[in-house]
S.K.: 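Below is a structure I'd like to ask you about.
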Amino acid sequence: MRATVESVAADGASLSLRTRGGDERTVLVTPKTRFVLVAPASLTDVKPGAFVGVAATPGEAGQLKAVEVHIFPESMRGTGEGSRPFDLGPGSTMTNGTVSARVDAVKGPALTVTYKGGEQTIVVDPKTPIVTFEPGAATDVKPGAAIIARGPRQADGSVEAAFFLIGKDGLVPPM
């Protein structure tokens, strides 16, 4: 669920959110809920050997064009490794893997991302959002924060958050 925090219960056990689609939702916070900050980064932070996630859409001549790039901390190496369909639009993909090459070309830099069983080369436009992940805490979830909440839906329609991705310092996570 991609949303903005409207309010936090006094005991911190639930949040009222407004989704990007305008719906109101309740998310439950448990002692097992994890918190991760999404912080701005740049293409210079994407180095060979880095473990990344790249959301992409089909571009010119069958090339993949990056919509966003996520630089994972070393502790998250292997998370979601592979390439699969993604929900950002028709033909979009998410590729998580290790940067095996970065090439600066006429149409912009291209990253070759290698994963178990394959690789993808993806063109990165200078305007492509690039972010990294940092440890977060429950105190980072405040009214106005842009978040992504993931977890199972409960019988009453609420979601029990397994984790939150929280935009750091007003950042709206591009995912």
S.K.: Linking I/L/V/M/F/W/Y whenever any side-chain heavy atoms sit under 4.5 Å apart, do Val52 and Ile122 land together?
M.R.: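 Yes; tracing contacts between hydrophobic side chains, which count when under 4.5 Å, links both residues.
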
S.K.: Contact between Ser92 and Val67 at the side-chain level, heavy atoms closer than 4.5 Å - yes or no?
M.R.: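 Of all side-chain heavy-atom pairs linking Val67 with Ser92, none is under 4.5 Å.
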
S.K.: Going only through I, L, V, M, F, W and Y residues with side-chain contacts under 4.5 Å, is there a path from Val141 to Phe163?
M.R.: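 Hydrophobic grouping puts Val141 apart from Phe163.
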
S.K.: Given side-chain contact (heavy atoms from CB on, under 4.5 Å), test Val172 with Arg20 step by step and report yes or no.
M.R.: CA-CA 11 Å; Val172 175; Arg20 290 184 183 174; 3.9 Å; yes

S.K.: Determine the minimum heavy-atom distance between Thr128 and Ala66, stating which atoms define it.
M.R.: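 For Thr128 and Ala66, the tightest heavy-atom pair comes out as OG1-O, 3.4 Å.
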
S.K.: If you group Ile, Leu, Val, Met, Phe, Trp and Tyr by side-chain heavy-atom gaps below 4.5 Å, do Phe133 and Leu171 land in one group?
M.R.: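 Yes, one cluster joins them.
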
S.K.: Apply ring-ring contact (aromatic ring centres under 6.0 Å, His included) to Phe51 and list each qualifying residue two or more places apart in sequence or on a separate chain.
M.R.: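 For Phe51 the ring-ring contact (aromatic ring centres under 6.0 Å, His included) partners, ignoring immediate neighbours, are Phe72.
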
S.K.: What's the verdict on side-chain contact (heavy atoms from CB on, under 4.5 Å) for Asp45 and Ile130, showing C-alpha distance, side-chain angles and the deciding distance?
M.R.: CA-CA 9 Å; Asp45 298 319; Ile130 300 173; 5.8 Å; no

S.K.: When rounded to the nearest 0.5 angstrom, what is the spacing between OG in Ser158 and CG in Leu15?
M.R.: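 Separation between the atoms: 11.0 Å.
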
S.K.: Looking at side-chain heavy atoms only, is the closest gap between Glu68 and Val131 below 4.5 Å?
M.R.: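 Counting from C-beta outward, Glu68 and Val131 never come under 4.5 Å.
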
S.K.: Applying the 4.5 Å side-chain criterion to the ILVMFWY set and letting contacts propagate, would Val36 and Phe164 be lumped into a single cluster?
M.R.: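 Per the 4.5 Å side-chain linkage, Val36 and Phe164 are not co-clustered.
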
S.K.: Could you state the interatomic distance from CD (Glu160) to OG1 (Thr33), rounded to the nearest 0.5 Å?
M.R.: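 With rounding to 0.5 Å, CD (Glu160) is 6.5 Å from OG1 (Thr33).
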
S.K.: Can you tell me how far the CD1 atom of Ile148 sits from the CG atom of Leu17, to the nearest 0.5 Å?
M.R.: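 Rounded to the nearest 0.5 Å, the CD1-CG separation comes to 12.0 Å.
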
S.K.: Which residues pass the salt bridge (Lys or Arg N to Asp or Glu O under 4.0 Å) test with Glu134, not counting sequence neighbours?
M.R.: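 For Glu134, the residues satisfying salt bridge (Lys or Arg N to Asp or Glu O under 4.0 Å) (neighbours in sequence not counted) are Lys168.
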
S.K.: With sequence neighbours left out, what residues match Asp87 under side-chain contact (heavy atoms from CB on, under 4.5 Å)?
M.R.: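 Partners of Asp87 by the side-chain contact (heavy atoms from CB on, under 4.5 Å) criterion, ordered by chain and then number, come out as Arg2.
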
S.K.: Give, for atom CZ of Arg150 and atom CG of Leu165, the distance between the pair rounded to the nearest 0.5 Å.
M.R.: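 It is 7.0 Å, given to the nearest 0.5 Å.
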
S.K.: So, does Ser16 use its side chain to make a donor-acceptor pair with the main chain of Glu6 at under 3.5 Å?
M.R.: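 It does not hold such a pair.
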
S.K.: So, for Pro90 and Pro58, which heavy atoms are closest and what is the spacing to 0.1 Å?
M.R.: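 It is O-CD, 3.9 Å.
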
S.K.: Within this structure, what is the OG1-CG distance for the pair Thr95 and Leu111, rounded to the nearest 0.5 Å?
M.R.: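 One finds 11.0 Å between OG1 of Thr95 and CG of Leu111.
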
S.K.: With distance as the sole criterion, is a donor-acceptor pair present between the side chains of Thr112 and Thr121 under 3.5 Å?
M.R.: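 There is such a pair (donor and acceptor under 3.5 Å, judged by atom type) between the side chains of Thr112 and Thr121.
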
S.K.: Considering non-hydrogen atoms only, spot the tightest contact between Pro40 and Thr132 and give its length.
M.R.: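 Closest approach of Pro40 to Thr132, heavy atoms only: O-CG2, 4.4 Å.
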
S.K.: Return the minimal non-hydrogen interatomic distance between Tyr115 and Gly97, and the atom names on each side.
M.R.: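 Heavy atoms of Tyr115 and Gly97 come nearest at CB-CA, 4.4 Å.
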
S.K.: Hey, could you give me the CG/CD1 distance between Leu37 and Ile147, rounded to the nearest 0.5 Å?
M.R.: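 With rounding to 0.5 Å, CG (Leu37) is 12.5 Å from CD1 (Ile147).
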
S.K.: Specify the closest pair of heavy atoms between Ala41 and Ile71, including all atoms of both residues, with the distance to one decimal.
M.R.: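 Closest approach of Ala41 to Ile71: CB-CD1, 4.0 Å.
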
S.K.: Taking all non-hydrogen atoms of both residues into account, name the closest pair between Ser100 and Glu119 and its distance.
M.R.: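 Looking at all heavy atoms of both residues, the closest pair is OG-OE1, 4.5 Å.
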
S.K.: Report the C-alpha distance between Val159 and Arg25 in whole Å, list the side-chain angles of each, state the deciding distance to 0.1 Å, and finish with yes or no for side-chain contact (heavy atoms from CB on, under 4.5 Å).
M.R.: CA-CA 8 Å; Val159 170; Arg25 301 275 190 220; over 6 Å; no

S.K.: Could you work out, with salt bridge (Lys or Arg N to Asp or Glu O under 4.0 Å) as the rule, every residue matching Arg102, not counting sequence neighbours?
M.R.: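 Arg102 satisfies salt bridge (Lys or Arg N to Asp or Glu O under 4.0 Å) with Asp104 only.
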
S.K.: Yes or no on side-chain contact (heavy atoms from CB on, under 4.5 Å) for Thr19 and Met1, after CA distance, side-chain angles and deciding distance?
M.R.: CA-CA 7 Å; Thr19 68; Met1 174 183 328; 4.0 Å; yes

S.K.: Decide, yes or no, whether a salt bridge links Lys116 with Glu81 under the criterion of side-chain N to carboxylate O below 4.0 Å.
M.R.: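 Between Glu81 and Lys116 there is no salt bridge, as every charged N stays at least 4.0 Å from the carboxylate O atoms.
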
S.K.: How would you list, by chain and number, every residue that makes a side-chain hydrogen bond (donor to acceptor under 3.5 Å, both in side chains) with Thr4, sequence neighbours excluded?
M.R.: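 For Thr4, no residue satisfies side-chain hydrogen bond (donor to acceptor under 3.5 Å, both in side chains) once neighbours in sequence are set aside.
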
S.K.: Does Val113 belong to the same Ile/Leu/Val/Met/Phe/Trp/Tyr cluster as Val124, with side-chain heavy atoms less than 4.5 Å apart forming each link?
M.R.: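 The answer is yes; both residues are in one hydrophobic cluster.
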
S.K.: Spell out, as yes or no, whether a donor-acceptor pair under 3.5 Å connects the side chain of Gln154 to the backbone of Pro152.
M.R.: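 Here the side-chain-to-backbone pair exists.
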
S.K.: Can you list everything that forms a side-chain contact (heavy atoms from CB on, under 4.5 Å) with Ala137? Sequence neighbours excluded, please.
M.R.: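 Ala137 satisfies side-chain contact (heavy atoms from CB on, under 4.5 Å) with Thr139, Asp140 only.
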
